[in-house]
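Hydrogens, waters and symmetry mates play no part in the numbers below; they use all other heavy atoms, side chains included. Below, chains carry the letters A, B, ... as their sequence lines are ordered, and counting in each starts from 1.
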Amino acid sequence: MKIATFNINGIKARINALSDWLDEAQPDVALLQEIKSIDENFPREMFEDKGYNVQTHGQKSFNGVAILSKLPLEDVTRGLPGDDDDEQARWIEATVVGEQAVRICGLYLPNGNPVPGPKYDYKLAWMERLYKRAQELLRSEEPALMAGDYNIIPQAEDAKKPEDWVDDALFRIESRTAWRKIVNLGFTEAFRARNQLPEQYSFWDYQAGAWNRNNGIRIDHFLMTPQCADLLRDCQIDSAIRGREKPSDHVPVWVDIAA
DNA sequence: ATGGCCCGTACCACGGGA
(Lines give C-alpha, C1' and ligand atoms only; values in the text may rest on other atoms or scores of the structure.)
Protein backbone atom coordinates (compact mmCIF):
# COMPACT_ATOMS: atom_id res chain seq x y z
CA MET A 1 0.00 0.00 0.00
CA LYS A 2 1.43 3.34 -1.06
CA ILE A 3 0.47 6.23 1.21
CA ALA A 4 1.48 9.81 0.40
CA THR A 5 1.27 13.15 2.17
CA PHE A 6 1.19 16.40 0.23
CA ASN A 7 0.66 19.99 1.40
CA ILE A 8 -0.92 21.35 -1.78
CA ASN A 9 -1.22 25.02 -0.74
CA GLY A 10 -4.76 25.51 -2.06
CA ILE A 11 -6.85 22.96 -3.94
CA LYS A 12 -8.12 25.51 -6.46
CA ALA A 13 -4.62 26.56 -7.46
CA ARG A 14 -3.30 22.99 -7.49
CA ILE A 15 -5.98 21.02 -9.36
CA ASN A 16 -3.85 20.38 -12.45
CA ALA A 17 -0.56 19.71 -10.66
CA LEU A 18 -2.28 17.42 -8.17
CA SER A 19 -4.16 15.54 -10.89
CA ASP A 20 -0.97 14.94 -12.89
CA TRP A 21 0.93 13.74 -9.83
CA LEU A 22 -1.86 11.34 -8.80
CA ASP A 23 -1.94 9.85 -12.30
CA GLU A 24 1.81 9.26 -12.27
CA ALA A 25 2.50 8.34 -8.63
CA GLN A 26 -0.69 6.29 -8.20
CA PRO A 27 -0.82 6.41 -4.41
CA ASP A 28 -3.45 4.19 -2.82
CA VAL A 29 -3.94 6.85 -0.18
CA ALA A 30 -3.14 10.58 -0.38
CA LEU A 31 -3.27 12.82 2.69
CA LEU A 32 -3.68 16.44 1.66
CA GLN A 33 -3.04 19.57 3.72
CA GLU A 34 -3.90 23.23 3.18
CA ILE A 35 -6.82 22.55 0.89
CA LYS A 36 -7.95 26.11 1.78
CA SER A 37 -11.52 25.24 0.93
CA ILE A 38 -14.82 24.53 2.58
CA ASP A 39 -16.00 20.95 2.13
CA GLU A 40 -18.76 21.99 -0.29
CA ASN A 41 -16.26 23.56 -2.70
CA PHE A 42 -13.78 20.68 -2.74
CA PRO A 43 -13.72 19.17 -6.27
CA ARG A 44 -14.43 15.65 -5.05
CA GLU A 45 -15.81 14.42 -8.38
CA MET A 46 -12.43 14.84 -10.03
CA PHE A 47 -10.89 12.44 -7.54
CA GLU A 48 -13.85 10.08 -7.52
CA ASP A 49 -13.46 9.81 -11.31
CA LYS A 50 -9.91 8.56 -10.65
CA GLY A 51 -11.27 5.91 -8.31
CA TYR A 52 -10.68 7.63 -4.96
CA ASN A 53 -12.95 7.79 -1.97
CA VAL A 54 -12.85 11.36 -0.65
CA GLN A 55 -13.12 12.61 2.93
CA THR A 56 -12.51 16.27 3.72
CA HIS A 57 -12.23 18.46 6.79
CA GLY A 58 -12.12 21.97 5.41
CA GLN A 59 -12.75 25.56 6.38
CA LYS A 60 -12.94 28.91 4.61
CA SER A 61 -9.66 30.36 3.28
CA PHE A 62 -7.11 28.59 5.48
CA ASN A 63 -5.90 25.20 6.64
CA GLY A 64 -8.06 22.19 5.75
CA VAL A 65 -7.11 18.53 5.34
CA ALA A 66 -8.40 15.65 3.23
CA ILE A 67 -7.95 11.94 2.63
CA LEU A 68 -8.15 10.35 -0.82
CA SER A 69 -8.19 6.57 -0.83
CA LYS A 70 -8.69 3.90 -3.47
CA LEU A 71 -9.46 1.48 -0.64
CA PRO A 72 -12.52 1.79 1.57
CA LEU A 73 -12.35 4.29 4.45
CA GLU A 74 -13.98 3.43 7.75
CA ASP A 75 -14.54 5.20 11.07
CA VAL A 76 -13.66 8.67 9.76
CA THR A 77 -13.19 11.31 12.46
CA ARG A 78 -12.42 15.03 12.15
CA GLY A 79 -10.53 17.29 14.52
CA LEU A 80 -7.74 16.53 16.98
CA PRO A 81 -9.25 15.66 20.38
CA GLY A 82 -8.51 17.79 23.42
CA ASP A 83 -10.00 21.22 22.64
CA ASP A 84 -13.63 21.55 21.64
CA ASP A 85 -13.12 25.28 20.99
CA ASP A 86 -10.45 24.71 18.32
CA GLU A 87 -12.00 25.83 15.03
CA GLN A 88 -8.94 25.24 12.81
CA ALA A 89 -9.29 22.26 10.45
CA ARG A 90 -5.99 20.45 10.88
CA TRP A 91 -6.73 16.79 11.61
CA ILE A 92 -8.60 13.91 9.98
CA GLU A 93 -8.27 10.19 10.53
CA ALA A 94 -9.71 7.02 9.08
CA THR A 95 -9.12 3.30 8.93
CA VAL A 96 -7.97 2.09 5.52
CA VAL A 97 -8.84 -1.51 4.87
CA GLY A 98 -6.43 -3.32 2.58
CA GLU A 99 -4.84 -6.70 3.25
CA GLN A 100 -5.04 -5.52 6.83
CA ALA A 101 -6.53 -2.48 8.48
CA VAL A 102 -4.31 0.57 9.10
CA ARG A 103 -5.37 3.61 11.12
CA ILE A 104 -4.25 6.68 9.18
CA CYS A 105 -4.12 10.20 10.61
CA GLY A 106 -3.60 13.22 8.35
CA LEU A 107 -2.39 16.38 10.06
CA TYR A 108 -1.46 19.98 9.43
CA LEU A 109 0.46 21.10 12.50
CA PRO A 110 0.37 24.86 13.22
CA ASN A 111 3.25 26.96 11.89
CA GLY A 112 3.62 28.84 15.18
CA ASN A 113 5.37 32.02 14.04
CA PRO A 114 6.02 34.59 15.29
CA VAL A 115 7.87 33.49 18.44
CA PRO A 116 6.95 34.32 21.11
CA GLY A 117 3.21 34.93 20.85
CA PRO A 118 -0.24 33.38 20.81
CA LYS A 119 0.43 31.47 17.59
CA TYR A 120 3.44 29.78 19.14
CA ASP A 121 1.44 29.00 22.29
CA TYR A 122 -1.21 27.42 20.05
CA LYS A 123 1.40 25.30 18.27
CA LEU A 124 2.81 23.91 21.51
CA ALA A 125 -0.66 23.30 22.94
CA TRP A 126 -1.63 21.50 19.73
CA MET A 127 1.46 19.31 20.03
CA GLU A 128 0.49 18.41 23.58
CA ARG A 129 -2.87 17.21 22.24
CA LEU A 130 -1.02 15.32 19.51
CA TYR A 131 1.10 13.64 22.18
CA LYS A 132 -2.04 12.35 23.90
CA ARG A 133 -3.53 11.03 20.64
CA ALA A 134 -0.18 9.39 19.84
CA GLN A 135 -0.24 7.59 23.20
CA GLU A 136 -3.70 6.23 22.42
CA LEU A 137 -2.56 4.96 19.02
CA LEU A 138 0.34 3.12 20.66
CA ARG A 139 -1.94 1.59 23.26
CA SER A 140 -4.11 0.15 20.48
CA GLU A 141 -1.13 -2.01 19.45
CA GLU A 142 -2.38 -1.84 15.87
CA PRO A 143 -0.75 -0.59 12.67
CA ALA A 144 -1.23 3.17 12.69
CA LEU A 145 0.52 6.22 11.29
CA MET A 146 0.35 9.98 11.64
CA ALA A 147 1.48 11.87 8.55
CA GLY A 148 1.39 15.36 7.18
CA ASP A 149 2.93 18.79 7.39
CA TYR A 150 4.39 18.83 10.90
CA ASN A 151 6.01 22.25 10.51
CA ILE A 152 8.96 20.79 12.42
CA ILE A 153 12.58 20.62 11.27
CA PRO A 154 13.69 17.63 13.38
CA GLN A 155 17.48 18.07 13.14
CA ALA A 156 20.02 20.52 11.73
CA GLU A 157 20.65 18.10 8.85
CA ASP A 158 17.04 18.64 7.78
CA ALA A 159 17.72 22.24 6.72
CA LYS A 160 20.15 23.57 4.12
CA LYS A 161 20.86 26.58 6.34
CA PRO A 162 19.96 25.61 9.91
CA GLU A 163 21.45 28.86 11.19
CA ASP A 164 18.60 30.72 9.50
CA TRP A 165 16.03 28.81 11.55
CA VAL A 166 17.32 28.84 15.13
CA ASP A 167 14.71 31.33 16.37
CA ASP A 168 11.93 30.11 14.08
CA ALA A 169 8.92 28.21 15.38
CA LEU A 170 9.82 25.30 13.06
CA PHE A 171 13.21 24.75 14.71
CA ARG A 172 12.99 26.31 18.17
CA ILE A 173 14.13 24.01 20.92
CA GLU A 174 10.64 23.88 22.48
CA SER A 175 9.17 22.73 19.15
CA ARG A 176 11.81 20.06 18.62
CA THR A 177 11.52 18.90 22.21
CA ALA A 178 7.78 18.42 21.75
CA TRP A 179 8.46 16.49 18.53
CA ARG A 180 11.07 14.25 20.15
CA LYS A 181 8.78 13.61 23.09
CA ILE A 182 6.25 12.15 20.67
CA VAL A 183 8.79 10.19 18.61
CA ASN A 184 10.37 8.80 21.77
CA LEU A 185 7.09 7.22 22.82
CA GLY A 186 8.08 4.55 20.32
CA PHE A 187 7.29 5.88 16.86
CA THR A 188 9.40 5.30 13.78
CA GLU A 189 10.05 8.32 11.57
CA ALA A 190 9.77 6.58 8.22
CA PHE A 191 12.08 8.69 6.07
CA ARG A 192 15.14 8.51 8.33
CA ALA A 193 14.46 4.82 8.93
CA ARG A 194 15.04 4.28 5.22
CA ASN A 195 17.33 7.12 4.13
CA GLN A 196 20.45 8.78 5.59
CA LEU A 197 21.32 10.99 2.62
CA PRO A 198 22.03 14.68 3.29
CA GLU A 199 20.08 17.56 1.76
CA GLN A 200 16.74 15.81 1.54
CA TYR A 201 13.94 18.36 1.81
CA SER A 202 10.17 18.56 1.40
CA PHE A 203 9.65 22.35 1.33
CA TRP A 204 11.31 25.20 -0.53
CA ASP A 205 10.15 28.79 -0.11
CA TYR A 206 8.75 30.52 -3.18
CA GLN A 207 11.10 33.44 -2.47
CA ALA A 208 14.74 34.07 -3.22
CA GLY A 209 15.26 31.21 -5.65
CA ALA A 210 15.13 28.70 -2.81
CA TRP A 211 14.37 25.75 -5.11
CA ASN A 212 17.17 26.54 -7.54
CA ARG A 213 19.63 26.75 -4.63
CA ASN A 214 18.12 23.68 -2.94
CA ASN A 215 17.64 25.91 0.09
CA GLY A 216 14.99 23.68 1.62
CA ILE A 217 13.77 22.15 4.85
CA ARG A 218 12.30 18.72 5.65
CA ILE A 219 9.06 19.27 7.55
CA ASP A 220 6.62 16.70 6.10
CA HIS A 221 6.83 13.43 8.01
CA PHE A 222 5.43 9.99 8.70
CA LEU A 223 5.38 8.67 12.27
CA MET A 224 4.51 4.97 12.60
CA THR A 225 3.55 2.74 15.50
CA PRO A 226 5.76 -0.35 15.87
CA GLN A 227 3.07 -2.53 14.28
CA CYS A 228 3.08 -0.21 11.26
CA ALA A 229 6.87 0.23 11.15
CA ASP A 230 7.21 -3.56 10.88
CA LEU A 231 5.38 -3.26 7.53
CA LEU A 232 7.54 -0.40 6.17
CA ARG A 233 9.19 -1.17 2.85
CA ASP A 234 10.18 2.25 1.52
CA CYS A 235 9.89 6.01 2.03
CA GLN A 236 10.75 8.63 -0.56
CA ILE A 237 10.31 12.30 -1.39
CA ASP A 238 8.99 13.27 -4.84
CA SER A 239 11.20 16.36 -4.92
CA ALA A 240 11.09 16.80 -8.72
CA ILE A 241 7.46 17.95 -8.38
CA ARG A 242 8.79 21.25 -7.00
CA GLY A 243 10.34 22.11 -10.38
CA ARG A 244 7.10 21.88 -12.35
CA GLU A 245 4.65 24.53 -13.51
CA LYS A 246 2.70 26.24 -10.72
CA PRO A 247 3.99 24.03 -7.92
CA SER A 248 3.07 23.96 -4.28
CA ASP A 249 5.93 25.04 -2.00
CA HIS A 250 5.81 21.50 -0.54
CA VAL A 251 6.31 18.21 -2.43
CA PRO A 252 4.77 14.77 -1.82
CA VAL A 253 6.41 12.32 0.57
CA TRP A 254 5.29 8.69 0.44
CA VAL A 255 5.70 5.34 2.13
CA ASP A 256 5.18 1.82 0.85
CA ILE A 257 3.93 -0.60 3.51
CA ALA A 258 3.15 -4.30 3.30
CA ALA A 259 -0.56 -3.92 4.02
C1' DA B 1 25.90 42.09 -4.26
C1' DT B 2 21.25 42.18 -3.12
C1' DG B 3 16.77 40.62 -3.11
C1' DG B 4 13.59 38.09 -4.92
C1' DC B 5 6.59 34.67 -3.65
C1' DC B 6 2.15 32.73 -3.59
C1' DC B 7 -2.86 31.83 -2.09
C1' DG B 8 -7.60 33.25 -0.93
C1' DT B 9 -10.58 36.98 -0.31
C1' DA B 10 -12.30 40.62 -2.27
C1' DC B 11 -11.82 44.28 -5.66
C1' DC B 12 -7.67 46.85 -2.17
C1' DA B 13 -4.35 45.46 -0.28
C1' DC B 14 -3.88 42.18 3.48
C1' DG B 15 -3.53 38.11 6.49
C1' DG B 16 -1.15 33.93 6.44
C1' DG B 17 2.27 30.95 5.20
C1' DA B 18 7.47 29.08 6.55
- Pairs satisfying salt bridge (Lys or Arg N to Asp or Glu O under 4.0 Å), at least one member in residues 245-257 of chain A, at least two apart: Arg233(A)-Asp256(A)

- Message: What's the gap between dG8(B) and dC12(B) when it is taken at their C1' atoms, as a whole Å value?
- Response: 14 Å

- Task: Report yes if some heavy atom in the side chain of Leu80(A) is under 4.5 Å from a heavy atom in the side chain of Arg90(A); otherwise report no.
- Result: no

- Message: Would Leu68(A) and Leu32(A) count as a side chain to side chain contact (heavy atoms under 4.5 Å, CB included) here? Give the steps.
- Response: CA-CA 8 Å; Leu68(A) 314 178; Leu32(A) 306 180; 4.0 Å; yes

- Message: What's Asn7(A) touching, base or sugar-phosphate or nothing? Going by heavy atoms closer than 4.0 Å.
- Response: sugar-phosphate

- Query: Heavy atoms under 4.0 Å, any strand shown: does Asn111(A) hit a base, just sugar-phosphate, or nothing?
  - Reply: base

- Item | Within-4.5 Å side-chain heavy-atom neighbours: Asn113(A) and Asp168(A) | yes

- Item | 5' to 3' contact window, DNA chain B with chain A (heavy-atom distance under 4.0 Å) | dG3(B) to dA18(B)

- Stacked cation flag Arg218(A) on Tyr201(A), 6.0 angstrom / 45 deg: no

- Query: Ring centres of His221(A) and Trp179(A) under 6.0 Å apart?
  - Reply: yes

- Ring center gap for Tyr150(A) and Tyr108(A) short of 6.0 angstrom: no

- Assign Asp168(A) to base, sugar-phosphate, or nothing according to its heavy-atom contacts below 4.0 angstrom with the strands shown. nothing

- Distance between P atoms of dC7(B) and dA18(B) (Å, rounded): 14 Å

- Would you mind classifying the nucleic acid contact of Asn212(A) as base, sugar-phosphate or nothing, using non-hydrogen atoms under 4.0 angstrom? nothing

- Message: Using the P atom as the point on both nucleotides, what is the distance between dA10(B) and dC6(B), in whole Å?
- Response: 22 Å

- Just checking Lys119(A): base, sugar-phosphate only, or nothing, at a heavy-atom cut-off of under 4.0 Å? sugar-phosphate

- Query: Across the strands shown, which category fits Phe171(A) at heavy-atom distances under 4.0 angstrom: base, sugar-phosphate, nothing?
  - Reply: nothing

- Task: Identify whether any heavy atom of Ala13(A) sits under 4.0 Å from a base atom; if not, whether one sits that close to sugar-phosphate; answer base, sugar-phosphate or nothing.
- Result: sugar-phosphate

- Note: for Gln207(A) and Arg90(A) on DNA chain B, the residue whose nearest nucleotide lies more 5' is Gln207(A)

- Message: At 4.0 Å (heavy atoms only), tell me whether Arg14(A) reaches a base, stays on the sugar-phosphate, or touches nothing.
- Response: sugar-phosphate

- Message: Between dC11(B) and dG15(B), how far apart are the two C1' atoms, rounded to whole Å?
- Response: 16 Å

- Assign each of Lys12(A) and Pro110(A) to its nearest nucleotide of DNA chain B by heavy atoms, then name whichever residue's nucleotide is nearer the 5' end. Lys12(A)

